[in-house]
Protein chains: 2
Amino acid sequence: MAEVRNRKVLLKRYVTGYPAEDDMEVVDGTVHLAVPQGLQAPAVRLKNLYLSCDAWMRGRMSKRDDPVTVVNDFVLGEALTNFGVSMVIDSTHPDYHAGDLVWGMSGWEEYTLISEPASLVRINHPELPLSYYTGVLGMSGLTAFAGLFDVCKPKKGDTFFVSAAFGAVGQIVGQLAKLAGCYVVGSVGSDEKVSLLKGKLGFDDAINYRKEPDLGAALSRCFPEGIDIYFDNVGGATLDAALLCMRTRGRVAVCGMVSQYNLDDPAAGVRMRNLPLLVAKRIRMEGFNVADYLADGPYYRWFEEEMAGYLRDGRVTYVEDVVEGLHGAPAALVGIFQGRNVGRQLIVVARE
Amino acid sequence: MAEVRNRKVLLKRYVTGYPAEDDMEVVDGTVHLAVPQGLQAPAVRLKNLYLSCDAWMRGRMSKRDDPVTVVNDFVLGEALTNFGVSMVIDSTHPDYHAGDLVWGMSGWEEYTLISEPASLVRINHPELPLSYYTGVLGMSGLTAFAGLFDVCKPKKGDTFFVSAAFGAVGQIVGQLAKLAGCYVVGSVGSDEKVSLLKGKLGFDDAINYRKEPDLGAALSRCFPEGIDIYFDNVGGATLDAALLCMRTRGRVAVCGMVSQYNLDDPAAGVRMRNLPLLVAKRIRMEGFNVADYLADGPYYRWFEEEMAGYLRDGRVTYVEDVVEGLHGAPAALVGIFQGRNVGRQLIVVARE
């Protein structure tokens with residue numbers, strides 16, 4: 001097979017505070033497409049089509065003694081990694097053949113060699129947009145689905161609040177909570193997103209947190225009888241305000257704490273005043289991680305069928321913010337922390 | 001019946017920051033011991049024998065818009081209230097008779113009229129020290145028992161950490177966790193208490209947090225493989241350090257957050273840096289309140305029999321710090337926040 005260009009997005013230096021575009025570098029190398037001879041185990045060469053661009057990558061961009069995410073730090077001088085949708089172009093593994101469509105952990109580059117092909121997930125619904133497997137049919141959708149039904153356990157009539165509500169996970173979990181019969185309110189960082197949540201995604205209400213001097217008061221206005229379930233994507237001041245508004249026996253599913261990922265001085269932490277309300281209100285707060293569900297094949301396949309059905313009949317809508325080409329990837333990742341993306345941020349490497 | 005002296009401890013003013021002795025006042029009045037004629041419902045006159053003196057009373061000493069405890073604020077100029085052990089000396093209720101021994105919410109005074117006698121709990125084990133019903137056989141014991149078995153759900157071999165470990169609840173929950181097969185470490189505020197925990201109460205290890213410049217390091221030393229269960233009585237920096245040392249799928253039972261009760265500026269809150277670890281470690285953090293168990297008669301009676309058995313055969317030991325007479329009650333309450341008490345603080349009003 002041919003030797004071709006392989007464009008990559010590398011990590012140039014470990015990050016403190018907010019990441020900047022020049023913490024990364026886009027470089028062009030070359031690659032022999034064939035899986036190399038003489039590897040110890042069967043392997044697969046992928047051509048990457050779509051790559052996820054997520055806030056949780058930030059944790060991996062620092063060198064840490066006590067990692068705050070469940071995966072390893074990125075390696076300096078190597079391509080960033082994250083979930084993506086790819087096509088197999090060469091394989092020495094009997095279960096994979098050229099032309100197979102898969103999703104899984106891949107590189108921020110054009111072609112990636114996968115030495116553990118068992119980590120790849122087959123795509124069963126290529127009739128839907130393939131890019132959905134970076135989001136609503138991939139990790140984000142599974143995170144929303146498992147977090148809602150396994151951790152939050154919503155009942156009809158529950159009041160449901162989600163932060164980062166127009167993000168990769170937020171927009172899905174809000175729509176699923178609506179389908180489960182909840183009253184759903186989201187917080188977002190712009191009036192445009194407020195309109196999209198209420199108009200396009202059918203949320204009952206939404207707040208622009210940047211325009212609310214008192215988040216607790218805003219939540220009390222949206223939830224005069226309190227919050228049964230808070231799906232937390234941001235932590236910090238939003239979590240603190242939500243605790244104030246929780247009902248007795250409320251549940252907080254902690255999916256992420258994006259507000260704490262970029263602190264200049266992580267040792268300083270964030271100020272919390274309402275944690276004692278956990279006792280008075282008997283609140284259950286539970287962190288969960290989608291990694292616990294991925295290995296569980298049947299759970300993912302059940303989710304994939306359910307979600308494909310929702311998407312086909314229009315009960316769930318998914319908004320994507322698409323960047324064309326790897327050269328735009330660093331700006332896209334930096335933009336997430338400024339709330340620049342509108343909907344699920346992804347990068348198109350190739351359309352086939 | 002006679003008119004007699006009724007000494008009381010009143011709240012003189014609402015408190016900001018730490019309570020001081022002169023926020024309270026000890027005054028002598030008089031009382032007719034007979035239950036008054038013409039009440040709308042049957043009532044009971046109690047002679048108070050032992051009164052509980054607890055950190056959680058602090059919350060009720062402030063006037064609050066958003067109460068952080070589950071009971072009402074104290075009323076200025078009236079006797080403080082808390083759980084106590086009492087003898088019935090007059091009754092117009094058919095279920096109670098002079099001489100009955102009961103425990104329940106009473107006043108910080110010599111004689112209290114109870115207008116809802118259904119709130120009183122009969123004492124089934126008068127052969128044990130009656131004062132135990134202010135603690136190990138009362139609210140503190142029930143809190144430890146329900147918190148451990150209903151919320152923490154310990155398994156044999158679990159590692160167990162408890163803060164305020166020589167307090168009313170801490171010393172019991174640590175011993176129960178030992179009985180359940182856990183490795184148990186407590187944090188306390190003096191070397192004397194460290195010795196008592198390890199010597200008298202059989203804890204596996206203990207730390208004096210005042211002597212530890214880095215609480216997280218101290219916990220890592222005590223728990224080289226991490227903490228499965230943290231029973232939190234204090235919140236704040238200790239909770240933050242415990243989160244750092246929790247194992248994956250660890251559980252935090254939040255019983256109280258005494259470190260946050262006396263903040264000069266509650267709006268400033270406390271700095272927390274490790275909450276994002278809830279996600280990475282899939283930690284479940286759950287507040288609970290003993291009030292949910294008290295109304296449940298059979299649960300309390302089950303607990304009472306179990307605990308009476310542990311006390312009789314010496315598997316649970318209970319250390320009390322006894323103040324003689326109501327005149328010493330304000331200093332005893334203030335002393336709790338300075339860690340002055342050694343063991344469960346209680347006040348003897350009368351020995352029979």
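Naming: A, B, ... by sequence-line order, numbering from 1 per chain.
- Closest of all the heavy-atom pairs between Ala291(B) and Arg282(A) is CB-NH2, 4.1 Å.
- A 6.0 Å sphere centred on NZ of Lys153(B) holds more than 12 heavy atoms belonging to other residues, nucleotides or ligands.
- Atom CG of Leu278(B) is separated from atom CG of Asn289(A) by 12.5 Å, given to the nearest 0.5 angstrom.
- Atom CE of residue Met272(B) and atom CZ of residue Arg273(A) lie 15.5 Å apart, to the nearest 0.5 angstrom.
- With a threshold of 4.5 angstrom between heavy atoms, Ile283(B) approaches chain A through N, CA, C or O but not through any side-chain atom.
- For a residue to count as touching a neighbouring chain, one of its non-hydrogen atoms must lie under 4.5 Å from one of that chain's; by this rule Arg249(B) touches chain A with the side chain only.
- Interface remark: of the candidates Arg251(B), Arg271(B), Glu286(B), Arg271(B) forms the most heavy-atom pairs closer than 4.5 Å to chain A.
- More than 12 non-hydrogen atoms from other residues, nucleotides or ligands lie less than 6.0 angstrom from CD of Gln338(B).
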